[in-house]
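Index from 1, following the sequence. All values derive from a computational prediction rather than experimental measurement.
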Amino acid sequence: MIFADPIPSITAGRVDTPLGPMLALVDAAGALVGLDFEGSDGTPTFSQRRLAREGLQTGPADPIFIRPIADQLAEYFAGRRRVFDLPMAPFGTPFQHQVWAALCDIPCGTALTYRDMALRLDRPQAARAVGAANGANPISVIVPCHRLVGSDGTLTAYGGGLHRKAALLELEGARPPILSLAV
């Protein structure tokens, strides 16, 4: 089960971005629990599917909670923000939380490999586990899972689509890893 008792109240609000609309999910305190690009075909987002597995529905979010998310994303896409300072409460395992926190420590404009991230976490054999945790990240863009690339610098899977991953890295002026941290 993803949620601890009692099950939190989750609400949703739409945020428009230059790369397409995103769905922001917030808890009753206004902490961000999910942020995903919406599909053009109306299919549920990653976070919506995850909540549905738990049998939860979302209602409309109070705009007071969505406005700071929308404002900071607008600043980011305008090139005026490199670090986000929003309250977040993503649901995940302790290892996932460790990976997501480490993602937030990757400087804007930098791309690392999954192996580099495993080494940063002092778990050199965990590149695949890092990839799985990265893929389970429920808060796109703000928890910058797009900053991890394949060992040869190629773009790998991204829930919002590789075209968006490429656009985010280009927006940030990301440099691919020059040399892997691996020995």
### Message
Once ring-ring contact (aromatic ring centres under 6.0 Å, His included) is applied, what residue pairs with a partner in residues 139-162 remain, sequence neighbours excluded?
### Response
none
## Note on the structure
Contacts of Asp105 meeting side-chain hydrogen bond (donor to acceptor under 3.5 Å, both in side chains) (sequence neighbours excluded), chain-then-number -> none
### Task
Any chance you could lay out the side-chain contact (heavy atoms from CB on, under 4.5 Å) test for Ile142 and Leu73, step after step, and finish with the verdict?
CA-CA 8 Å; Ile142 292 171; Leu73 283 169; 4.3 Å; yes
### Message
For a 4.5 angstrom cut-off between non-hydrogen side-chain atoms, does Leu32 reach Phe65?
### Response
no
### Query
Are Ile106 and Val83 connected in the hydrophobic side-chain network, where two residues link if heavy atoms are under 4.5 Å apart?
no
### Task
Please report the closest heavy-atom contact between Pro124 and Leu119, naming both atoms and the distance.
CB-CD2, 3.5 Å
### Minimum side-chain heavy-atom gap Leu35-Val143 below 4.5 Å
no
### Task
Please examine the side chains of Val141 and Leu168, heavy atoms only from C-beta on, and report whether any two atoms are closer than 4.5 Å.
yes
### Task
Could you pull out all residues at least two apart from His163 that satisfy ring-ring contact (aromatic ring centres under 6.0 Å, His included)?
none
### Query
How many angstroms lie between SG in Cys108 and CG in Leu171, if you round to the nearest 0.5 Å?
7.0 Å
### Message
Strictly by salt bridge (charged side-chain N to carboxylate O under 4.0 Å, His left out), give each pair with a member in residues 130-145 just once, sequence neighbours left out.
### Response
none
### Query
How close do Pro87 and Gly30 get, heavy atom to heavy atom, and via which atoms?
CG-O, 4.1 Å
### Task
Any chance you could measure Met117, atom CE, to Cys145, atom SG, to the nearest 0.5 Å?
10.5 Å
### Query
Can you name the nearest heavy-atom pair linking Leu103 to Pro144, along with the distance?
O-CG, 3.2 Å
### Pairs satisfying salt bridge (charged side-chain N to carboxylate O under 4.0 Å, His left out), at least one member in residues 125-152, at least two apart
Arg147-Glu172
#### Entry: Check: Glu170 side chain, Ala167 main-chain N or O, donor-acceptor pair, under 3.5 Å
no
### Message
List the residues meeting side-chain hydrogen bond (donor to acceptor under 3.5 Å, both in side chains) with Arg14, not counting sequence neighbours, and say none if there are none.
### Response
Glu38
### Message
Could you report the tightest heavy-atom contact between Gly109 and Arg82, atom names first, then the distance?
### Response
N-NH2, 4.1 Å
### Task
Would you check if Ile66 and Thr11 make a side-chain contact, meaning some heavy-atom pair closer than 4.5 Å?
no
### Task
Report yes or no: does Lys165 contribute a side-chain atom to a donor-acceptor pair with the main-chain N or O of Gly160 at less than 3.5 Å?
no
### Summary
Sorted by chain and residue number, the salt bridge (charged side-chain N to carboxylate O under 4.0 Å, His left out) partners of Asp85 (sequence neighbours excluded) come out as Arg81
### Task
Mind checking the CD1-CG spacing from Ile139 to Leu86? Nearest 0.5 Å is all I need.
9.0 Å
### Task
Would you please name every residue forming a salt bridge (charged side-chain N to carboxylate O under 4.0 Å, His left out) with Asp71, sequence neighbours left out?
Arg67
### Task
Could you list all the side chain to side chain donor-acceptor pair (under 3.5 Å) pairs where at least one residue sits in residues 130-143, not counting sequence neighbours?
none
### Message
With a 4.5 Å cut-off on side-chain heavy atoms, are Val99 and Leu121 touching?
### Response
yes
### Query
Does the Trp100 side chain pair with the main chain of Pro90, one donor and one acceptor, at a distance under 3.5 Å?
no
### Query
Which pair of non-hydrogen atoms, one from Asp36 and one from Pro138, has the smallest distance, and what is that distance?
OD1-O, 3.8 Å
#### Entry: Partner residues of Ala89 under the side-chain contact (heavy atoms from CB on, under 4.5 Å) criterion, sequence neighbours left out
Asp27, Ala31, Val33
### Query
Is there a side-chain contact between Leu148 and Val130, using heavy atoms and a 4.5 Å cut-off?
yes
## Note on the structure
Hits for ring-ring contact (aromatic ring centres under 6.0 Å, His included) against Phe84, two or more places apart or cross-chain, chain-then-number order -> Tyr76
### For Ala111 against Val149, the heavy-atom pair lying closest together
CB-CG1, 4.2 Å
Would you list the atom pairs, donor with acceptor, under 3.5 Å between side chains in residues 15-25 and any protein atom, with sequence neighbours excluded?
residue : atom : partner : partner atom : Å
Thr17   : OG1  : Leu19   : N            : 3.1
Thr17   : OG1  : Gly20   : N            : 3.3
Thr17   : OG1  : Gly20   : O            : 2.5

